[in-house]
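All remarks here apply to the structure that follows.
All values derive from a computational prediction rather than experimental measurement.
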2 protein chains.
Amino acid sequence: MSERRKLTLKDIAKDLGISVSTASRALKAHPDIAQETIQMVKDYAAKHNYVPNIIAVNFRKSRTKNIGLIVPELVHHFFSTVISGSIDEAKKSGYNILVSQSNDFLADEIVACKTMMASSVDGLLISISNETYDGDHILEFIDEGKPVIQFDKILEKLPVPKVIVDDFEGGYSATKHLIDQGCKRIAHIAGRKDVLNACERMKGYKKALNDHQIPFKEEYIRYCESISEEEGEQFMEEFLALPNPPDAVFCITDLVALGVIKALKNKGISIPDQIAIVGFSNWKLAEIVSPSLTSIDQHGYQMGVVAVRMLIQKLEDKNFEIPDTLELKTRLVIRDSSVKVKA
Amino acid sequence: MSERRKLTLKDIAKDLGISVSTASRALKAHPDIAQETIQMVKDYAAKHNYVPNIIAVNFRKSRTKNIGLIVPELVHHFFSTVISGSIDEAKKSGYNILVSQSNDFLADEIVACKTMMASSVDGLLISISNETYDGDHILEFIDEGKPVIQFDKILEKLPVPKVIVDDFEGGYSATKHLIDQGCKRIAHIAGRKDVLNACERMKGYKKALNDHQIPFKEEYIRYCESISEEEGEQFMEEFLALPNPPDAVFCITDLVALGVIKALKNKGISIPDQIAIVGFSNWKLAEIVSPSLTSIDQHGYQMGVVAVRMLIQKLEDKNFEIPDTLELKTRLVIRDSSVKVKA
DNA sequence: CTGTTAGCGCCTTCAC
DNA sequence: GTGAAGGCGCTAACAG
């Protein structure tokens, strides 16, 4: 507990018999300063282990080098992946990431925004909650001159840059993959109709069917409300009760696919031979479940990296214009649940 | 982009014809100040939406209200649960959590510590990497007068308070549960002998056997190096090759248990009837896998809450003494992989 | 009860 | 090339 007072510029200046401002400038190798002086000060600083007082610097520059990051859930494979990417990228430029979660409640999201505001982050990255249909609490950041970027779950009408996954392409490639496996009756367990990501995946699904002359049939569609395993199980049972059940199912999410797999196992239906399955998000569980699950990877880490990088660019250069929308491509990860052995 | 300059105490003072310090004191209802003045200032502040400049306040008080949190891995069910608890608890007192990950490398951990130091967090919570056998980089915080708390993966010799799970009790109750199910030949796939948590679980296992007059047999023990699914699979195969294979396996972690389950499925051995399984950590996968996995829950959220709470207490009151070791009890979560149907 | 004063550590004109 | 001085916004000791 030495609790030694930290060395300040003033100390250096006094010890070296120069002024504080000279010391300050020397440390950043200001062109006005003589080489010798610069060396002298730098040596002294190195020797005595001088560390500038960041709090003072930030105060002086009225910034914190903190970036707020609000996600619906922290304990969630995709979001923690995004966070991981954000943190790693932010660190490179000396920024910190302050994480907060909304638990998918609007009220919590608003509180999180206020907290972020109060701890005066320099900018904000946000993935909105399921309940957020209006972004006044987000616009306040803009009002304060703090840049904001939305990612993944976005509010489309909000005039704020967005980093998203190309869900359309994801839906398309998932479906096309099933078609390529020879499936003809491809069902889709979709998400809520008012959620953008879900709609895009559906559009991709439809386009793929259309491109391959497969008719779209309403009986092969179900909409999840809570995006749960139970819904997957239940809907799969409904599909099986159809006169002409599907031979493949594309699920809005891996968790739903898990429910589907359970239902099929219960009935003793073989995957992928009788029914092939594709999920979405490529969670950890996709590798773990048996049979392992073909899924669409959303590059969460990359999304975190990209969002942070753009925000920091804006922070360091007011004139930088963040592109309005950045779409990351998805990647089809093929596993056992969808690959039919060639007959 | 109004970019309006924020209201400061000076503005309030000038508008109200009082001094800055009076305004400052009035806002915190200092006893010296007249009730009327307090009212007047507070009303004015409320009306004009005055928000103190946190950066200035922190500078003045030379603190950041940021707490560093270093974990081996961010994308990890247990650690993200801990983080979630920390963040929620910290928010209550107006603290922020800065998360960093070591990827289980000592070098990364040291860098993370330096970064934390540089962004001058007020205190540190750390769960060490697998490679950390020496804590000089951690002690630096103490030297700077910044309190530190270790949690979960700890360096025992470090004279720094610890919040841990009672692994001994966890190992004991997992084993006892298997004994209660009628198992007589209980194997244990353990962790590295030099990792504290793993040793404690082993001790609990041995004690439970001993308390129930079951002999400990070295042939039923295996030690993981990387704590992976593959190791679980391989060790289970080794067990099965024994002249007298076990009728139950207690695994150091759910992931290892998953490998064990795979091996058993491959051989067509029924779980739990022929061999019962218990994991440890109660990850998400424990619910998901089939059969669902009995496991030991470590109360990650609670651990985050407790660690933060103690650190903040110390921060707000220098005289507060953080207890040297706090052990959280585990909880046995019984699922299908271990419950034998009564004959 | 209130105002004055003096910084916290650093950066940045402005002057020499 | 270097130094002096002012100030970022807020707090707190010290006067009145």
Exercise. Examine dT11(D): is either OP1 or OP2 under 4.0 Å from a nitrogen or oxygen in the side chain of Ser24(B)? Give yes or no.
Key: yes
Self-check item: Members of residues 50-61 of chain A that approach DNA chain D, where some heavy atom sits under 4.0 Å away
Solution: Phe59(A), Arg60(A)
Whole-Å distance between [N] [atom2] and [X] [atom1]?
| X | N | atom1 | atom2 | answer |
| --- | --- | --- | --- | --- |
| Lys6(A) | dC10(C) | NZ | C1' | 14 Å |
| Arg63(B) | dG9(C) | CZ | P | 16 Å |
| Ile12(A) | dT2(D) | CD1 | P | 16 Å |
| Lys28(B) | dG9(D) | NZ | C1' | 11 Å |
| Lys10(A) | dG3(D) | NZ | P | 16 Å |

Quiz prompt | Criterion side chain to side chain donor-acceptor pair (under 3.5 Å) on Ser102(B) and Asp108(B), from CA distance to verdict | solution = CA-CA 5 Å; Ser102(B) 66; Asp108(B) 287 20; over 6 Å; no
By side chain to side chain donor-acceptor pair (under 3.5 Å) - contacts of [X] (at least two apart):
| X | value |
| --- | --- |
| Arg63(B) | Asn58(B) |
| His137(B) | Glu109(B) |
| Tyr50(B) | none |

Quiz item: Mind checking whether Phe79(B) and Phe151(B) have parallel, tilted or perpendicular rings, split at 30° and 60°?
Solution: perpendicular
Exercise. State, with a plain yes or no, whether a side-chain heavy atom of Leu16(A) is found less than 4.5 Å away from one of Met40(A).
Key: yes
Quiz item: Does any pair with a residue in residues 87-100 of chain B pass salt bridge (charged side-chain N to carboxylate O under 4.0 Å, His left out), and if so which ones, sequence neighbours excluded?
Solution: Glu89(B)-Lys92(B), Glu89(B)-Arg309(B)
Considering only nitrogen or oxygen atoms on both sides, find all protein atoms under 3.5 Å from nucleotides 2-4 of chain C and state each distance.
unit_1: dT2(C); atom_1: OP1; unit_2: Thr37(B); atom_2: OG1; d: 2.8
unit_1: dT2(C); atom_1: OP2; unit_2: Ala34(B); atom_2: N; d: 3.0
unit_1: dT2(C); atom_1: OP2; unit_2: Thr37(B); atom_2: OG1; d: 3.1
unit_1: dG3(C); atom_1: OP2; unit_2: Ser19(B); atom_2: N; d: 3.1
unit_1: dG3(C); atom_1: OP2; unit_2: Ser19(B); atom_2: OG; d: 3.4
unit_1: dG3(C); atom_1: OP2; unit_2: Thr22(B); atom_2: OG1; d: 2.5
unit_1: dG3(C); atom_1: N7; unit_2: Arg25(B); atom_2: NH2; d: 2.8
unit_1: dG3(C); atom_1: O6; unit_2: Arg25(B); atom_2: NH1; d: 2.8
unit_1: dG3(C); atom_1: O6; unit_2: Arg25(B); atom_2: NH2; d: 3.0
unit_1: dT4(C); atom_1: O4; unit_2: Ser21(B); atom_2: OG; d: 3.1

Quiz item: Is there a donor-acceptor contact under 3.5 Å from the side chain of Ser84(B) to the main chain of Ser80(B)?
Solution: no
